[in-house]
Amino acid sequence: MSKPIDPTGSTGSTGSAGSTGSAGHTQVDASALSAGVSELGTLIGQCETATDGTVQSLMGMQGAVGHPGLASSLGSANESAVEVMLAVGKVLAYIGEGLSQSAQQYGDTESKNVTALKSVHGTTA
């Protein structure tokens, strides 16, 4: 069983989106989820850069190789690399969308809970 994640990061982990609070309830830090969206955006950009570099390298090798069979293989490798990187980009974008939606939902819920608590406190005071 893993240790609870401290939202302050004192466990040494980075980007913690939640922790187990008292009585085993999960606490979510919406700002950590939002930060994850930004980190994924950076990662998607890095994947795009890597894809461009891979394509350029394989195209350069394909043009310089001078052997039809090897050139064809490099062309196939190029196509496969692009397909894989596009798939990785789609997965990362999908995860980013989920993080963004979760951050929004948790933030909205927290705001509603605060409003409800203020209302309850106001009626009992």
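In terms of modelled atom types and a separation under 3.5 Å, the side chain of Ser38 and the main chain of Ser34 share no donor-acceptor contact. Of the possible polar contacts, one joining the Thr115 side chain to the Ser111 backbone as a donor-acceptor pair under 3.5 Å is found.
Neither Ile44 nor Val55 shares a network with the other; the hydrophobic side chains, linked directly or stepwise wherever heavy atoms of I, L, V, M, F, W or Y lie under 4.5 Å apart, form separate groups for each. At a threshold of 4.5 Å between side-chain heavy atoms, the hydrophobic network of Ile, Leu, Val, Met, Phe, Trp and Tyr places Leu92 and Val37 in one connected group. Note on Leu58 and Val82: separate hydrophobic clusters, where clusters join Ile, Leu, Val, Met, Phe, Trp and Tyr whose side-chain heavy atoms are under 4.5 Å apart, directly or indirectly. Tracing side-chain contacts under 4.5 Å through hydrophobic residues (I, L, V, M, F, W, Y), one reaches Leu43 starting from Val84; they form part of the same cluster. Cluster annotation: Tyr94 and Leu40 are assigned to distinct hydrophobic clusters (Ile/Leu/Val/Met/Phe/Trp/Tyr, side-chain heavy-atom contacts under 4.5 Å, transitive).
Residue pairs satisfying the side-chain hydrogen bond (donor to acceptor under 3.5 Å, both in side chains) criterion with at least one member in residues 48-69, sequence neighbours excluded, are absent. Residue pairs meeting the side-chain hydrogen bond (donor to acceptor under 3.5 Å, both in side chains) criterion with at least one member in residues 96-105, sequence neighbours excluded, are Gln104-Asp108.
For the residue pair Met85 and Ala50, the shortest heavy atom distance occurs at CE-CB, 3.7 Å. For the pair Met59 and Asn78, the tightest heavy-atom approach, listed with the atom from each and the gap, is CG-ND2, 3.4 Å.
Annotation: side chain of Asn113 is in contact with side chain of Thr109 (closest heavy-atom distance under 4.5 Å).
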